[in-house]
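Computed over heavy atoms, backbone and side chain alike; hydrogens, waters and symmetry mates excluded.
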There are 2 protein chains.
Amino acid sequence: MATAIKQLNKENLLSQGVQLLMEQGYHGTGLKEILDAVKIPKGSFYNYFSSKENYAAEVIQHYIEPFIIQLDKHLQNPELDGLSALKNYFGELITALENAGFKGGCLLGNLMGEIGGTSEACQKSLQTAVHRYQRLLAAGLKKAQNEGTVRIDKPAENMAALLTNAWQGALLRMKIEQSSEPLKQCCHDLLDDYFKVR
Amino acid sequence: MATAIKQLNKENLLSQGVQLLMEQGYHGTGLKEILDAVKIPKGSFYNYFSSKENYAAEVIQHYIEPFIIQLDKHLQNPELDGLSALKNYFGELITALENAGFKGGCLLGNLMGEIGGTSEACQKSLQTAVHRYQRLLAAGLKKAQNEGTVRIDKPAENMAALLTNAWQGALLRMKIEQSSEPLKQCCHDLLDDYFKVR
DNA sequence: AACAATAATACGACCGGTTGTCTTAAGTTG
DNA sequence: CAACTTAAGACAACCGGTCGTATTATTGTT
């Protein structure tokens, strides 16, 4: 098969995996379900990936990419200061989650909980995905520190870690409360209060 | 079978379920594995629970109970102020997680991510478990507010929500980093800084 | 108190369906 | 036609759940 089509199939497999793994979890989603969704025969799966586990590890990377790009876009916006960029970014995330009906939440958080301790390959993949994301968040906070809108008595990396942790927890709460209120409160508490200069 | 023995069997089923569901997730743990562990035949399972889903919902309640008791014990300690009680409590949790080798993490967080959006029965059970826990945490923070160690310009319920969210996120990080550092930083950031009077 | 009739429970074999993976053969390409 | 890629279906293992039966407990009748 032409390598271009093969790439396309792989891409489809990955983005369909993002959706299904996020909503139903790793063990809750069978290969058959994924393959049916992208109309690829079951026997072909192992031409694209060496195992379900390695597939999931790639899905993780494929998942985080758009978020990195979206966050970076806000941070690069020359009309926005760092703190406003972060607020806008999380605001966009919240409306997206509302429109999606609070389904799924965050693939990273869900998989960390489900298989973060049992699958070594996915653990590694989750590590790098989270680190990449958090590093970018820290860069945004550092920028805000230089602009004088965020307190400087705490390292930006530290605050970035707290922000991602609280955000993950808020996403879990969102899922069982079926409400965006936890997300809003989380952003407000940190970005409008805790991180502010005083 | 004598009802006393039946109760014992059910208890064993529940506590074994806590362990297995926490480490391997809902879909990652088969009924057979649980039943083998407590030496109860397959056919008997449905004499104790009406389905795997309802079983998991009861496991959730069985899981949270000891944490409520442990936290309450610290808060009731007349020699401790509220803030110190909270710090001691989370300190105990951290050493317990270290001794367990960072396995599992929190059953509530894991299940919220995995099936919080797909299983209605478990969603309900998770809601009440989290609320009970968070209410107790808020009571401790309120006590600390009255004692003058915690800021009063924020509602205790608000801070309790932030604390549980950040703690959940820190547990996920712990799992993939295999380190208690995220937990320690989480407690320090909130209990030693953000929540303090200023 | 002894026994029979009946109800309740415990149990392992078994259900249809699905899992992730592998073998094998057909198809594609240079 | 040789070398390689793709796909179809087979594969054993396992899933959650059911069922008929064997065992135990309870009740009713002498």
> For the atom pair NZ (B:Lys184) and CZ (B:Phe90), what is the distance rounded to the nearest 0.5 Å?
Replying inline: 15.5 Å
>> Does B:Lys154 qualify as a cation-pi partner of B:Phe195, given the criterion of NZ or CZ under 6.0 Å from the six-membered ring centre and within 45 degrees of its axis?
In response: no
>> Tell me the interatomic distance from B:Lys32, atom NZ, to C:dT19, atom P, rounded to whole angstroms.
In response: 20 Å
> Counting any heavy atom closer than 4.0 Å, what does B:Phe45 reach on the DNA or RNA strands: base, sugar-phosphate only, or nothing?
Replying inline: nothing
> Within the structure shown, what part of the strands sits under 4.0 Å from B:Ser50 by heavy-atom distance: base, sugar-phosphate, or nothing?
Replying inline: nothing
> Does the gap between the ring centers of B:Phe45 and B:Tyr55 come in under 6.0 Å?
Replying inline: yes
With 3.5 Å as the limit, what N/O pairs link the protein to nucleotides 12-14 of chain C?
from	atom 1	to	atom 2	distance (Å)
C:dG12	N7	B:Gly43	N	3.0

> Quick one: A:Leu35 CG to C:dT18 P, roughly how many Å, whole number?
Replying inline: 15 Å
> Nearest to the side chain of A:Asn47 - D:dC15, C:dG20, D:dA7?
Replying inline: D:dA7
> Between D:dG16 and B:Lys52, is there an OP1 or OP2 to side-chain N/O distance shorter than 4.0 Å?
Replying inline: yes
> Starting at CG of A:Asp36 and ending at C1' of D:dA8, how long is that distance when rounded to a whole Å?
Replying inline: 14 Å
> Can you check whether B:Ile115's main-chain N or O pairs, donor with acceptor, with B:Ser119's side chain at less than 3.5 Å?
Replying inline: no
> Can A:Thr128 and A:Gln61 be counted as having a side-chain donor-acceptor contact under 3.5 angstrom?
Replying inline: yes
> Any luck finding a side-chain donor-acceptor pair between B:Glu33 and B:Gln24 under 3.5 Å?
Replying inline: yes
